[in-house]
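Down below is the structure, laid out as structure tokens.
For the single chain, residues carry numbers from 1 onward in sequence order.
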Amino acid sequence: MLSRALSISLVLLSATSLTSAAEPPPAEVFERRIVPIFKSPNPSSCTQCHLAGVDLKNYILPSSEKTFLSLRDQGLIDLKSPEQSKILKLIAMRDPEQTSAAALIHEKVRQVEHEAFAAWIAACAADKRLTSAPKLATAELAEPQRPVEVIRHARKDQVLESFESSVWAMRFRCMSCHIEGTKDNDKLRAEHGDQVAWIKKAGSQATLDYLVEAKLIDLEQPTESLLLKKPLMTVKHGGGKKFLMGDQGYKAFRGWIEDYAKLKADEYATAAALPKESDVERVGSDIWIKLMNTPPAWGDALVQVDIHAWNDGTQMWEAKPIASTDRANFGKGRLWQHNLTLYKNRDDKAAPQAGLPPGRYLLKAFVDRTGKLSADWTAPLDATDFAGQTEFEAKWKPGYGGMTAIDGGKLAK
């Protein structure tokens, strides 16, 4: 009888040992699978979607218990359904558009991270001692040093969106020479090299990637970027002067380049340090407008034109412009002309349009008579620079040949 009891005890002990071997304790899983991620000199898969501000290592503490409590206390672990934990969903996030060799490496890293954290979280969630442990002090939590606003701003999809509303929106100022695959560009490319074809037919992401790869952007000294110096003609540019200091094109290019450089260097420490987000999204267009018979007093000054739409509901002109552009006036010929950049409210979910509907519009002109933009490139042209306005009808045909012409002599204040 004693022998039989002993045999049963040995079987039960053996079964317990097998269960323990099959399901190791959280600390053991942590040491074997999480610590190597923490100690790895390589960045985590977070870098596929973020330029800076966050790494999976930011959420790991030296001990299994404190790491679990830290994640639990921040709402990143689902105790009832561990497999649905937010930290696992964050690890699983990926850029579906990226199919490069680097993206495949990121995918392998992500799989290792996800499997490791999933196994460790499951082990922790099964330990009632851990799940019921008191909360950590706020100072003990493991989290990124950067606030969530900075982390969000550094997401690559947000960077692309910013690029599209700045550099990409202004590409029509440069497209005649710099878009790849055209007859003119092929000729220039043969003469001057691949950098001439920096506007890529594949779209905004391909263009952004090339500008960085080809070092047309200087991350150490943003104002020394060829993407700024060429159109300013501070270095030789076959296309002539396309920017004036402080004009809309310069503001868009420089603002985005400086922001990108700071993101790459992880320089944003607070949300307050981030650039102020505009409430409008800029969309490039091939719609041209011309002012003939411009006032002699304008000389060769920078002229900005804002276009306002008529609102049938309120029977008033819209307060905010629907489009705008700027360029130096040709004083000798009393002529000003340029293509429009369209504006779309950021909270408008409709896809941006590349054109304007025909109808009745109001043109307001502003002139930098004092050269204030040369002294401060961030300064706006405002009411103090107002030069006059006029109403007109337009069909807005695209292309240089479909240009809308207006008599500048009819502008009235």
Any side-chain heavy atom of H153 sitting closer than 4.5 Å to one from Q158? no
For S162, side-chain hydrogen bond (donor to acceptor under 3.5 Å, both in side chains) partners two or more places apart: none
Could you check R173, M170, H338 and say which one makes a side-chain contact (heavy atoms from CB on, under 4.5 Å) with D247? R173
Provide the closest heavy-atom pair for G53 versus I151 in the form atom of the first, atom of the second, distance. O-CG1, 3.7 Å
For N345 and V280, indicate whether the former's side chain and the latter's backbone hold a donor-acceptor pair under 3.5 Å. no
Under the side chain to side chain donor-acceptor pair (under 3.5 Å) definition, can you give me all pairs with a residue in residues 372-386, not counting sequence neighbours? K372-D385, D376-T378, D382-T384
How long is the span from the CD atom in Q248 to the CD atom in Q304, to the nearest 0.5 Å? 4.5 Å
From L373 CG over to L381 CG, what is the distance, rounded to the nearest 0.5 angstrom? 5.0 Å
Pairing of R346 and E161 as salt bridge, 4.0 angstrom limit: yes
Give a yes or no on whether the backbone of A142 and the side-chain of Q74 come within a donor-acceptor separation of less than 3.5 Å. yes
Side chains of Q48 and M93: closer than 4.5 Å at any heavy-atom pair? no
Below 4.0 angstrom, N of the basic side chain to O of the carboxylate: do K344 and E281 qualify? yes
Going by side-chain hydrogen bond (donor to acceptor under 3.5 Å, both in side chains), name the residues that satisfy it together with K200, two or more places apart in sequence or in a different chain. none
Residues forming a salt bridge (charged side-chain N to carboxylate O under 4.0 Å, His left out) with K229, sequence neighbours excluded: E224
For residues 396-410, which side-chain N or O atoms pair as donor and acceptor with protein atoms under 3.5 Å away, sequence neighbours left out?
| unit_1 | atom_1 | unit_2 | atom_2 | d |
| --- | --- | --- | --- | --- |
| Y400 | OH | Q337 | NE2 | 2.8 |
| D407 | OD1 | N293 | ND2 | 3.3 |
| D407 | OD1 | G409 | N | 2.9 |

Taking the side chain from R282 and the backbone from S165, do they hold a donor-acceptor pair closer than 3.5 Å? yes
pair S85-L88: side-chain heavy atoms closer than 4.5 Å: yes
Y343 and S324, any side-chain heavy atoms less than 4.5 Å apart: yes
Could you tabulate the donor-acceptor pairs under 3.5 Å formed by side-chain atoms of residues 112-122, not counting sequence neighbours?
| unit_1 | atom_1 | unit_2 | atom_2 | d |
| --- | --- | --- | --- | --- |
| E113 | OE1 | S45 | OG | 2.6 |
| E113 | OE2 | S45 | N | 3.2 |
| E115 | OE2 | Q111 | NE2 | 3.2 |
| W120 | NE1 | S64 | OG | 2.9 |

Given 3.5 Å as the limit, does a donor-acceptor pair link the side chain of K39 with the main chain of I34, or not? no
Answer yes or no: is there a donor N or O on one side and an acceptor on the other, between the side chain of H178 and the main chain of A197, under 3.5 Å? no
Is a side-chain N or O of N339 found less than 3.5 angstrom from the main chain of W288, in a donor-acceptor match? no
Backbone of R327 reached by a side-chain donor or acceptor of W336 within 3.5 Å: yes
Intermediate values then yes/no, side-chain hydrogen bond (donor to acceptor under 3.5 Å, both in side chains), E318 and N311: CA-CA 6 Å; E318 293 284 359; N311 188 314; 2.8 Å; yes
What side chain to side chain donor-acceptor pair (under 3.5 Å) pairs are there with at least one residue in residues 129-141, not counting sequence neighbours? K66-E140
Solution key, residues 75-82 side-chain donor-acceptor pairs under 3.5 Å, sequence neighbours excluded:
| unit_1 | atom_1 | unit_2 | atom_2 | d |
| --- | --- | --- | --- | --- |
| D78 | OD1 | K80 | N | 3.0 |
| D78 | OD1 | S81 | N | 2.9 |

Can you tell me if E220 has over 12 outside heavy atoms packed within less than 6.0 Å of its CD? no
d(E164 CD, Q205 CD) to nearest 0.5 Å is 8.5 Å
Is there a side-chain contact between V150 and L274 in this structure, where contact means two heavy atoms from C-beta onward sitting under 4.5 Å apart? yes
Check salt bridge (charged side-chain N to carboxylate O under 4.0 Å, His left out) between K241 and all other residues, then give those that pass, not counting sequence neighbours. none
For D300, what residues pass the side-chain hydrogen bond (donor to acceptor under 3.5 Å, both in side chains) criterion, not counting sequence neighbours? none
Sidechain-backbone polar pair: S225 side chain, D218 backbone, donor-acceptor under 3.5 Å: yes
With the side chain counted from C-beta on, respond yes when M245 and L232 share a heavy-atom pair under 4.5 Å apart, and no when they do not. yes
Just verifying a value: how many Å separate T270 OG1 and E149 CD, rounded to the nearest 0.5 Å? 9.5 Å
Smallest separation among heavy atoms of Y361 and L356, with atom names: OH-CB, 4.1 Å
Given 3.5 Å as the limit, does a donor-acceptor pair link the side chain of S204 with the main chain of W168, or not? no
Can you name the nearest heavy-atom pair linking N185 to C177, along with the distance? ND2-O, 2.8 Å
When rounded to the nearest 0.5 Å, the distance separating CG of D326 from OG1 of T341 is 8.0 Å
List for me each residue that meets ring pair (Phe, Tyr, Trp, His ring centres under 6.0 Å) alongside F163, sequence neighbours excluded, and say none if there are none. W256
Q389: what forms a side-chain hydrogen bond (donor to acceptor under 3.5 Å, both in side chains) with it, not counting sequence neighbours? none
Between Y268 and D259, do the side chains contain an N or O donor and an N or O acceptor separated by less than 3.5 Å? yes
Is there side-chain contact between I307 and L340, with at least one heavy-atom pair below 4.5 Å? yes
Taking only Lys NZ, Arg NE, NH1 and NH2, and the carboxylate oxygens of Asp or Glu, determine whether R254 and E258 approach each other closer than 4.0 Å. yes
Main chain of A379, side chain of K251: is a donor-acceptor contact present, judged purely on distance under 3.5 Å? yes
Taking every non-hydrogen atom, the tightest pair across P36 and E31: CD-O, 3.6 Å
Shortest non-hydrogen contact from W198 to V167? CZ3-CG1, 4.4 Å
Between R146 and D266, is the closest basic N to carboxylate O distance under 4.0 Å? yes
On a heavy-atom basis, which atom in Y210 and which in L216 lie closest, and how many Å separate them? CE2-CD1, 4.3 Å
Check: L363 and D306 side chains under 4.5 Å, non-hydrogen atoms: no
Just checking Q145: does its CD atom have more than 12 heavy atoms from other residues, nucleotides or ligands closer to it than 6.0 angstrom? no
Report the C-alpha distance between F30 and F68 in whole Å, list the side-chain angles of each, state the deciding distance to 0.1 Å, and finish with yes or no for ring pair (Phe, Tyr, Trp, His ring centres under 6.0 Å). CA-CA 10 Å; F30 183 83; F68 174 78; over 10 Å; no
Run the numbers on E107 and R110 for salt bridge (charged side-chain N to carboxylate O under 4.0 Å, His left out), then give the verdict. CA-CA 5 Å; E107 191 58 35; R110 178 178 288 103; 3.2 Å; yes
Could you grab the distance from atom OG1 of T207 to atom CD1 of I199, nearest 0.5 Å is fine? 7.0 Å
